[in-house]
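Sequence lines set the chain letters: A, B, ... in the order given, protein chains first and strands last, and positions in each chain run from 1.
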Protein chains: 2
Amino acid sequence: MARKTGSHSEITGPRVHAAAQRLFARYGYAAVSMRQIATEVGVQAGALYNYTPDKQSLLFDLMRAHLEDLLAAWRAESCPAPPLAALERFCRFHVRYHLDRPDEVFIAYMELRNLVPENFAVIERLRKRYETELETILCAGQAQGVFALEDVKLATLAVIAMLTGVTTWYRDTGRLSRNRVEMLYWDMVRKAVGA
Amino acid sequence: MARKTGSHSEITGPRVHAAAQRLFARYGYAAVSMRQIATEVGVQAGALYNYTPDKQSLLFDLMRAHLEDLLAAWRAESCPAPPLAALERFCRFHVRYHLDRPDEVFIAYMELRNLVPENFAVIERLRKRYETELETILCAGQAQGVFALEDVKLATLAVIAMLTGVTTWYRDTGRLSRNRVEMLYWDMVRKAVGA
DNA sequence: GTCTATAAAACGATAGAC
DNA sequence: GTCTATCGTTTTATAGAC
């Protein structure tokens, strides 16, 4: 396992992505330079290209990893349940997951337009898959008469927008605990779907 | 009123702001160059500086104008009314106004982090003023027992997030008319606040 | 008021030494 | 794997002719 001095591929690679994530979330993809990322990692700009073919791939990898993790986490948490219980689980999961990963979420919602068309298509497909998870729950509840929705598709988008909005204001130092925020959002969603 | 050939201050000024608005909304502030804006207007880059001291002011002026117009439009439309009627008016106004001005709205929500701190403070104050308009309605309804809210502040943010989300998916060519979208959102908000 | 030209700096990305 | 150095381009903003 001997390695040359200055060789740190196993640790530098993740650090590059972590730095890009932090900076993209804070300043926006287009406003962040490769030199800034390199400085944050503690290497020179040229060294970044050992870990990414270009800046675009850095953004794409972050967004894809986030959405794949999100889907995997939901499918691990989800389980067969009546619509009302499934919806509660989804709401609380969504709020919790988004509060735990503010940078990933922020990038996924803000940087779509900075993806080249080919990458955009991949990300959009993943995002749609996640939306469909909620839509399926609402559909089932509607069919069973548990929910009272005029338009299931619009309700899906409205609920996700409402829940995701938590990331724009929640601060750990604020007056509400995460658990209380989860509960308050679930309470509003439950009423909004007519349950 | 004689004017020299090539002198178009009264029309070029607004055109510069209109071009910046369109391009910032589409590609993002940081990704748009002054040259792109100039090309869109049909002048050379240097000529832009007759209408704005710099790129930052272009963004700030757009955001401030949008928020001031939004507040003025709401105050013109708003009128003393019971909380339920006031809330319906607010919801329908918000959806309609946002659908009518997708570029302004998109910039106002996406480009906050590209404002220098001094400008950010001004914009945040305006945004807060608009939020307070809704919060006041919810507070009044809560006090009168018309609404059943666990947390008025969180409900305010949740409702605004839900309504604003319409801009991310609505297309004029879609299956729903604007009026129907207004109605569907109002229906969900009404239920969400427990009215 | 708009143009051409340019200053001064920053950008993404690459080459080659070590 | 990281460095230094740099290529070629683009950036914001300004100066001065017309």
Side-chain angles (χ1 to χ4, degrees), chain A residues 1-24 26-63 107 111 113-119, chain B residues 1-21 23-24 26-62 107 111 113-119:
Chain A
M1 278 295 201
R3 223 187 303 113
K4 276 196 284 193
T5 304
S7 177
H8 304 290
S9 72
E10 297 89 350
I11 49 175
T12 304
R15 273 168 56 78
V16 169
H17 284 80
Q21 183 166 94
R22 191 163 39 247
L23 290 170
F24 289 169
R26 180 122 47 185
Y27 304 109
Y29 172 78
V32 171
S33 71
M34 294 298 270
R35 282 171 178 80
Q36 274 179 273
I37 297 170
T39 300
E40 184 101 343
V41 174
V43 297
Q44 292 300 313
L48 297 179
Y49 293 88
N50 290 316
Y51 304 99
T52 180
D54 50 32
K55 192 184 172 191
Q56 169 73 199
S57 299
L58 221 38
L59 176 62
F60 176 61
D61 290 348
L62 288 174
M63 292 181 75
I107 292 171
E111 304 297 352
R113 62 183 162 186
N114 286 308
L115 292 169
V116 298
E118 178 190 331
N119 291 341
Chain B
M1 278 294 203
R3 223 190 301 114
K4 277 196 285 192
T5 304
S7 179
H8 305 290
S9 73
E10 297 89 352
I11 48 176
T12 305
R15 275 167 55 78
V16 169
H17 285 78
Q21 183 167 94
L23 290 169
F24 289 168
R26 181 120 47 186
Y27 304 109
Y29 171 79
V32 172
S33 72
M34 295 297 269
R35 280 174 180 77
Q36 275 179 271
I37 298 170
T39 300
E40 185 101 342
V41 173
V43 298
Q44 292 300 313
L48 296 179
Y49 293 88
N50 290 316
Y51 304 99
T52 180
D54 50 31
K55 192 184 171 189
Q56 168 74 201
S57 299
L58 220 39
L59 176 62
F60 176 61
D61 288 349
L62 288 174
I107 293 171
E111 304 297 354
R113 62 184 163 186
N114 285 310
L115 292 169
V116 298
E118 178 190 331
N119 291 341

Tell me whether the side-chain N/O atoms of [X] come closer than 4.0 Å to OP1 or OP2 in [N].
X: T12(B); N: dG1(C); result: no
X: S33(B); N: dT11(D); result: yes
X: Q44(A); N: dT4(D); result: yes
X: Y51(A); N: dT2(D); result: yes

- Message: Tell me the closest heavy-atom pair linking Q44(B) and A38(B), and the distance in Å.
- Response: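 Distance-wise, the nearest heavy atoms are C-CB, 3.7 Å.
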
- Query: Can you name the nearest heavy-atom pair linking G42(A) to R15(A), along with the distance?
  - Reply: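 Scanning both residues, the minimum pair turns out to be N-NH2, 4.4 Å.
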
- Task: Describe the nucleic acid contact of V41(B) in one word from base, sugar-phosphate, nothing, applying a heavy-atom distance below 4.0 Å.
- Result: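 Since no nucleic acid heavy atom lies under 4.0 Å of V41(B), the category is nothing.
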
- Query: Would Q56(A) and L115(A) count as a side-chain contact (heavy atoms from CB on, under 4.5 Å) if you check the C-alpha gap in whole Å, the side-chain angles of each, and the deciding distance to 0.1 Å?
  - Reply: CA-CA 7 Å; Q56(A) 169 73 199; L115(A) 292 169; 3.8 Å; yes

- Just one of L48(A), V41(A), N50(A) clears the side chain to side chain contact (heavy atoms under 4.5 Å, CB included) bar with T12(A), so which one?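 Going through L48(A), V41(A), N50(A) one by one, the side chain to side chain contact (heavy atoms under 4.5 Å, CB included) with T12(A) is satisfied by V41(A) alone.
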
Could you state the [atom1]-[atom2] distance from [X] to [N], rounded to the nearest angstrom?
X: D54(A); N: dT14(C); atom1: CG; atom2: P; answer: 8 Å
X: M34(B); N: dT14(D); atom1: CE; atom2: P; answer: 10 Å
X: R35(A); N: dA9(C); atom1: CZ; atom2: C1'; answer: 10 Å
X: R15(B); N: dG1(C); atom1: CZ; atom2: P; answer: 15 Å
X: L48(B); N: dT4(C); atom1: CG; atom2: C1'; answer: 15 Å

Return the nearest nucleotide to the side chain of [X]; candidates are [options].
X: K55(B); options: dA13(D), dT2(D), dT6(D); answer: dA13(D)
X: Y49(B); options: dC11(C), dC3(D), dT14(D); answer: dT14(D)
X: V43(B); options: dC3(C), dA13(C), dA13(D); answer: dC3(C)

- Query: Does the distance from a Lys or Arg side-chain N to an Asp or Glu carboxylate O, for R113(A) and E111(B), drop under 4.0 Å?
  - Reply: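 Looking at E111(B) together with R113(A), the answer is yes, because their closest N to O distance falls below 4.0 Å.
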
- For A47(A) and for N50(B), locate the closest nucleotide of DNA chain C by heavy-atom distance; then report the residue assigned to the nucleotide nearer the 5' terminus.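 Closest to the 5' end, via its nearest nucleotide, is N50(B).
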
